[in-house]
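As structure tokens, the structure follows; a few thoughts come after it.
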Amino acid sequence: MGKNAAQSISETPMTFSNWGSDDPDEERLPHLLFVGAGGLFAAAVQLHFSMCGYVVRVAADIHEAEEIAVGQQFECGVFNVDVLAAEVLAVTIRLLKSGRIRAVLFCAPETVPATLS
């Protein structure tokens with residue numbers, strides 16, 4: 001079965017200036033790691049921050065986030081509270097201590113009004 005638009009968007013790192021192309025300037029741009037929400041919410045977050053000049057990587061879960069973070073540094077990791085658990089906190093602490101993520105933000109997208117989601 002084919003991928004929907006949200007899946008295709010979330011799998012491709014992009015910035016507003018290059019929309020996913022291999023841009024040598026990508027390393028100089030701020031990076032954001034978004035973890036734990038999929039579908040339209042993740043696609044909207046990725047699009048918004050890309051338009052603001054960020055390179056955005058989306059991970060479906062904490063394990064994928066840890067794999068994505070290997071060898072990269074992110075200015076911020078945004079974690080969906082729906083996946084908040086002891087394991088999430090342990091991985092988040094490891095990412096912070098290793099310097100792969102500078103700051104962490106926990107969010108709860110299910111609290112967004114239905115008209116916005």
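A quick note: this is a predicted structure, and the numbers were derived from the prediction, not measured.
In plain terms, the two heavy atoms of Ala103 and Leu96 that are nearest each other are N-CD2, 4.2 Å. Across Ala60 and Glu64, no two heavy atoms sit closer than the pair N-OE1, 2.9 Å. A pairwise comparison of heavy atoms in Gly53 and Pro30 identifies O-CD, 3.5 Å as the closest pair. Contact record, Leu33 with Ile101: CD2-CD1, 3.9 Å, taken as the closest heavy-atom pair.
Scored by the side-chain contact (heavy atoms from CB on, under 4.5 Å) test, Ile93 finds Lys97 as partners (sequence neighbours excluded). Partners of Arg94 by side chain to side chain donor-acceptor pair (under 3.5 Å), not counting sequence neighbours, listed by chain and number: Glu66. Applying the side chain to side chain donor-acceptor pair (under 3.5 Å) rule to Glu87 yields the partners His63; only residues at least two apart in sequence or on another chain are considered. Considering only residues two or more places apart in sequence or on other chains, Gln73 meets the side-chain contact (heavy atoms from CB on, under 4.5 Å) condition with Arg102. His48 pairs by the side chain to side chain donor-acceptor pair (under 3.5 Å) definition with nothing, not counting sequence neighbours.
There is a path of hydrophobic side-chain contacts, each under 4.5 Å, that joins Leu105 to Phe34.
Between Ile62 and Phe79, the closest side-chain pair of non-hydrogen atoms falls below 4.5 Å. By the 4.5 Å heavy-atom criterion applied to side chains, Tyr54 and Leu29 are not counted as neighbours. Between Phe106 and Leu89 the shortest side-chain heavy-atom distance falls below 4.5 Å. Residues Phe74 and Arg57 are in side-chain contact: their nearest non-hydrogen atoms beyond the backbone lie under 4.5 Å apart.
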Pair Val104, Cys76 - check side chain to side chain contact (heavy atoms under 4.5 Å, CB included), show working. CA-CA 6 Å; Val104 174; Cys76 187; over 6 Å; no
Could you walk me through whether Leu32 and Val78 pass side chain to side chain contact (heavy atoms under 4.5 Å, CB included), step by step? CA-CA 7 Å; Leu32 177 96; Val78 179; 3.7 Å; yes
